[in-house]
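Below is one structure, written out as structure tokens; comments come after it.
Every number for a ligand or one of its atoms is a count from 1 in the order of the listing.
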Amino acid sequence: MYSQPGKTKFQVDLRQHLRDQNISGNLVHLICEIAEASKYVINAVRTGDLGVAGTSNLYGEEQLALDVLSDRIMRCNIASEEMEEIFQVTSNPQGMFSVAYDPLDGSSLVDVNLAVGTIVGIYQGNDLLQPGRKMVGSMYILYGPRVSLVYSVGKGVYEFTMNQLMEYTLTRENIQMQPSGDIYSPGGLRKKYSEGNEKFIRYLEAKGSKLRYSGGFVPDINQILMKGKGVFMYPALSDAANGKLRLLFELNPMAFLIEQAGGMATNGEIPILDILPEGLDQRAPVYIGCRNDVEKAAEFLNGMD
Ligand code: FDP
């Protein structure tokens, strides 16, 4: 399919690639719609006003104007952490999807001109309160010096990069993680870490891992995934038993991608993708990245090391 005359594999566009994946036309359509929305989001990020909108989301967080704007752009048909209702895509009764998305994760970083992203999890049917393993696909879009879209529908992980015509073209296929790595991204205040977490950090430092933390979940995960090595953690803190990151809108989509790439994601006890969510706003501690590093984290947490 990539050998058509005049086309190198780097010129394969997202729609064409998706059509070759043997997935439903509705899912192709949905992913392409989200990709389309991201073009308006990056335009807003690049040119937008940085003022505060003065509204707050379900969790009492103040939204920046860009969050609101990005949410409006993505909202059509989709459920979001910025909104109370669950929206579903109902393109036809046989092909109904529910979508959980974070339109502009790490939006406070826009103020200091660091990378941000959109995170998306896609479920068949109208129920979002299912373990992440039930997702039919997930993706993120990273708004950095370049815009990239990384997705999986359970058939490997692919990266597309936006070209000068604002089209997404294939840049990496079947992305795979190494068994262990030498990068670590630790979220949260270290003085609030448990002893197990503290030991895990000391273990990573002793084995020569470098600290790489931007404070944006999408760029931090993207670095680990594209380099194929490293571990990101946002553990339970002494004053936040479930850490900070949200299961539906942040952790599940990333766990789906990382598992597809041969990595692992756990809350320290069970895989992130096996957690049964009780509410849309549920949070969980997370250790995600190279398999051996994530396993090691669980060992330290459970006092086995
Ligand atoms: P932000 O608060 O800037 O929106 O969940 C949001 C998030 O950023 C993630 O993108 C990021 O990984 C994490 O929070 C950073 O939290 P800390 O500042 O506590 O490390």
Side-chain angles (χ1 to χ4, degrees), residues 38 41 44-45 48 50 52-53 55-71 74 80-83 100-121 132 138-144 148 150 183-194 197-198 200-201 204 211-226 230-255 257-258 265 267 272 277 279-289 294 297:
S38 74
V41 175
V45 168
L50 295 179
V52 174
T55 56
S56 57
N57 71 14
L58 270 183
Y59 314 104
E61 293 169 345
E62 197 174 58
Q63 291 184 70
L64 300 182
L66 269 175
D67 290 50
V68 178
L69 192 55
S70 306
D71 188 39
M74 298 291 295
S80 158
E81 70 167 297
E82 312 291 333
M83 299 161 54
Y101 71 95
D102 186 348
L104 201 61
D105 190 77
S107 52
S108 61
L109 297 176
V110 174
D111 284 354
V112 289
N113 206 11
L114 284 173
V116 291
T118 296
I119 310 174
V120 180
S138 81
M139 62 204 271
Y140 64 77
I141 297 137
L142 171 59
Y143 310 108
S148 59
V150 176
I183 291 173
Y184 72 109
S185 306
L189 213 50
R190 191 158 163 186
K191 70 174 184 184
K192 295 182 178 174
Y193 280 17
S194 68
N197 284 304
E198 185 56 39
F200 179 52
I201 294 289
L204 292 169
L211 176 66
R212 287 288 183 269
Y213 189 75
S214 78
F217 192 40
V218 179
D220 286 335
I221 290 290
N222 188 67
Q223 170 158 229
I224 287 169
L225 189 54
M226 293 305 136
V231 59
F232 176 101
M233 61 192 268
Y234 205 113
L237 302 176
S238 52
D239 57 357
N242 290 317
K244 176 181 184 188
L245 300 182
R246 297 185 187 103
L247 185 59
L248 262 83
F249 304 103
E250 294 166 305
L251 300 184
N252 275 338
M254 294 307 197
L257 291 166
I258 293 283
N267 63 0
I272 292 292
L280 291 178
D281 60 338
Q282 190 163 325
R283 295 166 202 256
V286 67
Y287 305 83
I288 177 169
V294 172

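Checking side-chain atoms of T118 against main-chain N and O of L104 turns up no donor-acceptor pair under 3.5 Å. With hydrogens and angles ignored, the 3.5 Å screen pairs no side-chain donor or acceptor of R212 with any backbone N or O of S185.
At a heavy-atom distance under 4.0 Å, no atom of V218 approaches ligand 1. Contacts between K244 and ligand 1, counted as non-hydrogen atom pairs separated by less than 4.0 Å, involve the side chain only.
Those atoms of ligand 1 that come under 4.0 Å of a heavy atom in S108, given as number and element, are 3 (O). Interface of G188 with ligand 1, defined as ligand atoms under 4.0 Å from a residue heavy atom, comprises 20 (O). Counting atoms of ligand 1 from 1 in the listed order, those under 4.0 Å from a heavy atom of F217 are 9 (C), 10 (O), 11 (C), 12 (O). Atom numbering of ligand 1 starts at 1 in the shown order; those under 4.0 Å from a heavy atom of E250 are 5 (O), 6 (C). Residue-ligand proximity, Y213 to ligand 1, at heavy-atom distances under 4.0 Å covers atoms 15 (C), 16 (O), 17 (P), 20 (O).
Put simply, part of D105 is less than 4.0 Å from ligand 1, judged by heavy atoms. No heavy atom of L109 sits closer than 4.0 Å to any atom of ligand 1.
To the nearest 0.5 Å, atoms CD1 (I272) and CG (L247) are separated by 6.5 Å. Atoms OG and CG, on S108 and L114 in that order, are 9.5 Å from each other to the nearest 0.5 Å. Distance CE/M233 to CD1/I201: 4.0 Å, rounded to 0.5 Å.
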Sequence neighbours excluded and cut-off under 3.5 Å, please list the side-chain donor-acceptor pairs for residues 235-243, or say none.
residue: D239; atom: OD2; partner: K192; partner atom: NZ; Å: 2.8

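Taking only non-hydrogen atoms, the option from G215, G117, G106, P186 nearest to atom 11 (C) of ligand 1 is G215.
Where the criterion is an N or O separation shorter than 3.5 Å, residue side chain and backbone included, G187 fails it with respect to ligand 1. Residue F232 places no N or O, backbone or side chain, under 3.5 Å from any N or O of ligand 1.
D220 pairs by the side-chain hydrogen bond (donor to acceptor under 3.5 Å, both in side chains) definition with S214, not counting sequence neighbours.
With ring centers used as reference points, F232 lies under 6.0 Å from F217.
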